[in-house]
Undergrad: 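Okay, here's the structure, questions in a sec.
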Protein chains: 2
Amino acid sequence: MAEQAGTLRRTPLSRDRILRAAVALADEAGIESLSMRNLAQELGVVPMALYKHVANKDELLDGMIDVIVGEIEPLVPDADWQRALRRRILSARQVLRRHLWAPLAIESRNMATPAVLAYLDSMVGTLRAGGLSADLAHHVMHALGSRILGFSQELFDASRQAGRSGATEPEPAAGLPPEAAARFPHLAEIATAASHDDGSVVGQGCDDQFEFEFALDLLLDGIERLRQQGWRSAHRPG
Amino acid sequence: MAEQAGTLRRTPLSRDRILRAAVALADEAGIESLSMRNLAQELGVVPMALYKHVANKDELLDGMIDVIVGEIEPLVPDADWQRALRRRILSARQVLRRHLWAPLAIESRNMATPAVLAYLDSMVGTLRAGGLSADLAHHVMHALGSRILGFSQELFDASRQAGRSGATEPEPAAGLPPEAAARFPHLAEIATAASHDDGSVVGQGCDDQFEFEFALDLLLDGIERLRQQGWRSAHRPG
DNA sequence: AACGATAGGTGTACGCCGTATACCTGTCAA
DNA sequence: TTGACAGGTATACGGCGTACACCTATCGTT
């Protein structure tokens with residue numbers, strides 16, 4: 001392409017090009033194969049060239065997170081704070097479904113990039129505009145936690161596996177193996193409960209999107225109830 | 001100690017001794033400095049010796065998780081499912097506060113060890129005994145997510161920092177720096193809200209334990225309400 | 001037109017990491 | 001006495017992030 005002899009130069013590196021390539025590589029090959037060396041190769045460049053544009057790998061990861069935060073739908077004003085928040089969070093979730101490595105990356109970082117802070121700030125703004133006290137809004141942000149960014153760490157979660165290898169298809173196998181089902185009867189029972197048409201098991205028949213919305217609405221409804229009651233923090237009544 | 005000349009042999013390795021040493025090392029020095037080499041040195045042994053007792057580093061991490069799951073208080077029967085669950089989850093949280101590396105380790109593993117499954121199974125048992133349908137119990141387990149194991153991934157969390165380095169003291173600094181407070185007014189506002197006697201900011205004055213219980217109770221109360229309503233899943237009415 | 005600064009890509013090397021493989025050695029059953 | 005075997009050792013390989021010294025094309029200034 002741009003690699004012909006002599007005169008034609010390769011398109012130059014830039015922080016932005018690096019970040020987008022890194023996101024693409026993590027999307028396709030999994031976060032565990034995102035190394036400075038692999039990334040450089042992908043860009044047709046020697047590894048150390050990257051360091052002219054990003055300080056180190058941690059900063060690269062921060063930049064990648066900023067890229068995907070930038071993909072979240074902007075805030076849509078709505079008189080109903082619950083609806084506005086819900087909509088944006090579900091948009092964030094759609095973004096993360098395209099970038100399965102992101103939860104692990106976010107979890108492993110220190111989280112202080114301006115893009116993330118701006119996103120969080122606007123979410124708090126929605127809460128305040130909806131009539132929540134600063135006090136309550138504070139606790140709500142903690143309660144929602146990573147759900148605000150569109151993910152939650154499930155304890156039995158097929159997508160975690162998928163997030164490492166770049167597998168996009170939904171992992172065919174592995175509910176409870178039969179001998180485990182005998183040892184853990186309650187897990188076996190709920191594995192087949194809430195299954196769908198196919199009567200399949202957790203990880204197969206279990207609808208991630210439904211589980212996410214179920215938990216989200218449980219929280220949002222509880223919060224709205226507190227707001228209506230004019231909830232005030234009663235702890236450490238100093 | 002047991003290292004004297006000739007006759008006295010060093011106390012022999014064992015899987016258990018390795019796991020406990022690994023947990024101790026992660027507790028003290030942070031998970032990022034838990035390498036097979038460091039661990040071996042800690043045990044006065046050559047790195048490859050460990051591989052006679054654990055298959056590889058991933059299995060080591062699984063074993064470490066099992067160790068800490070074993071530290072969680074056993075289930076205390078209670079007529080009130082909410083109280084029983086709450087008590088055990090808060091016990092799990094106390095355990096994790098002693099092992100700040102654990103959330104990151106758990107998050108990064110594939111999660112299928114029998115010890116964890118047994119723990120989850122007993123929690124589901126509590127829900128079922130409390131009158132929740134298998135269906136509802138299933139969704140509840142997803143909704144609680146990692147909170148069942150006593151942690152939640154906060155987005156602004158000082159303990160994540162602490163979880164990497166082995167710092168045990170609660171990280172003195174770092175609320176919002178002043179120029180950030182100007183750019184993110186809502187964050188600045190809630191940072192000082194819900195502060196305590198000292199009027200300090202998120203990460204300083206913010207009471208982790210309170211935030212955890214606030215979110216937990218929000219969920220548990222919402223669930224109990226659903227149970228009383230005889231909630232049934234209405235989605236995908238196939 | 002010549003030049004020096006500078007931005008950006010290169011090459012080499014260091015010290016970590018996990019772990020495969022082969023080897024040694026002390027213990028104990030036969 | 002022997003020989004199998006469990007468990008600790010020695011060496012080595014390929015990968016990682018990245019420090020450091022180097023080269024080179026570009027461009028504003030003289």
Side-chain angles (χ1 to χ4, degrees), chain A residues 1-22 25-26 29-65 101 104-105 108-110 164-166, chain B residues 1-22 25-26 29-65 101 104-105 108-110 164-166:
Chain A
M1 303 257 175
E3 310 272 3
Q4 272 92 336
T7 59
L8 269 180
R9 308 293 309 159
R10 142 186 71 233
T11 77
L13 240 41
S14 75
R15 182 179 164 88
D16 197 67
R17 216 163 82 81
I18 290 174
L19 292 183
R20 283 187 292 109
L25 181 55
I31 189 74
E32 86 286 354
S33 55
L34 176 75
S35 65
M36 298 303 272
R37 289 167 145 94
N38 282 347
L39 179 56
Q41 183 162 23
E42 207 76 17
L43 288 162
V45 114
V46 89
M48 288 312 292
L50 304 175
Y51 287 87
K52 290 281 152 73
H53 302 271
V54 298
N56 51 45
K57 189 173 182 181
D58 280 355
E59 208 211 67
L60 176 76
L61 287 171
D62 283 342
M64 292 170 67
I65 292 170
W101 48 270
L104 214 65
S108 73
R109 305 284 36 256
N110 289 347
R164 285 206 208 75
S165 67
Chain B
M1 304 255 172
E3 309 271 3
Q4 271 92 336
T7 58
L8 268 179
R9 308 293 310 157
R10 142 186 71 232
T11 77
L13 240 40
S14 74
R15 181 179 165 88
D16 198 66
R17 217 163 80 82
I18 289 174
L19 292 182
R20 283 186 292 107
L25 181 55
I31 191 73
E32 85 285 353
S33 55
L34 175 75
S35 66
M36 298 303 273
R37 289 167 144 95
N38 282 347
L39 179 56
Q41 185 163 22
E42 207 75 16
L43 288 161
V45 115
V46 88
M48 290 310 295
L50 304 175
Y51 288 88
K52 289 282 154 71
H53 302 272
V54 298
N56 50 47
K57 188 172 182 182
D58 280 355
E59 209 212 63
L60 176 75
L61 286 171
D62 283 343
M64 293 169 67
I65 291 170
W101 48 270
L104 215 64
S108 74
R109 304 282 41 255
N110 290 346
R164 286 206 206 77
S165 69

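Just so we're on the same page: letters track the sequence lines, and every chain starts at 1. Scope of the values below: all heavy atoms of this structure, side chains included, with no hydrogens, waters or symmetry mates.
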Undergrad: Given C:dG18, D:dC16, C:dG11, which nucleotide is nearest the side-chain atoms of A:V46?
TA: C:dG11
Undergrad: Find the distance A:K52:NZ to D:dA19:P and express it as a whole number of Å.
TA: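 Whole-Å distance recorded here is 12 Å.
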Undergrad: Hey, does the side-chain of B:R37 have a donor or acceptor N/O within less than 3.5 Å of a partner on the base of C:dG18?
TA: yes
Undergrad: Taking A:R15 for its side chain and A:G63 for its backbone only, find out whether a donor-acceptor pair lies under 3.5 Å.
TA: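 Not at all, since once roles are kept as given, no pair shorter than 3.5 Å links the two residues.
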Undergrad: Which whole-number value in Å describes the distance from B:R15 CZ to D:dG8 C1'?
TA: 18 Å
Undergrad: Going from OG on A:S108 to CD on B:E32, what distance comes out if it is rounded to the nearest 0.5 angstrom?
TA: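 Taking OG in A:S108 and CD in B:E32, the distance rounds to 12.5 Å.
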Undergrad: Rounded to the Å, how far apart are B:M48 CE and C:dC17 C1'?
TA: 13 Å
Undergrad: Do B:D62 and B:V54 have side chains that get closer than 4.5 Å, going by heavy atoms?
TA: no
Undergrad: Calculate the interatomic distance between B:N38 atom CG and C:dG15 atom P; express it in whole Å.
TA: 16 Å
Undergrad: Without decimals, in angstroms, what is the distance between A:D16 CG and C:dG8 C1'?
TA: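 Going from CG in A:D16 over to C1' in C:dG8 covers 17 Å.
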Undergrad: Hey, does the side-chain of A:K57 have a donor or acceptor N/O within less than 3.5 Å of a partner on the base of D:dG17?
TA: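 Checked by distance alone, the answer is no.
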Undergrad: Starting at CG of B:D58 and ending at C1' of C:dG18, how long is that distance when rounded to a whole Å?
TA: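 Between C1' of C:dG18 and CG of B:D58: 10 Å.
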Undergrad: If I take atom CD in residue B:E32 and atom P in nucleotide C:dC17, what distance separates them, rounded to the nearest angstrom?
TA: 11 Å
Undergrad: Between B:H53 and D:dG8, is there a contact of a side-chain N or O with OP1 or OP2 at under 4.0 Å?
TA: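 It does, given that an N or O in the side chain of B:H53 lies less than 4.0 Å from OP1 or OP2 of D:dG8.
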Undergrad: Is there a side-chain contact between B:N38 and B:L34 (heavy atoms, below 4.5 Å)?
TA: no
Undergrad: Would you mind reading off the distance between A:L39 atom CG and C:dG9 atom P, rounded to a whole angstrom?
TA: 13 Å
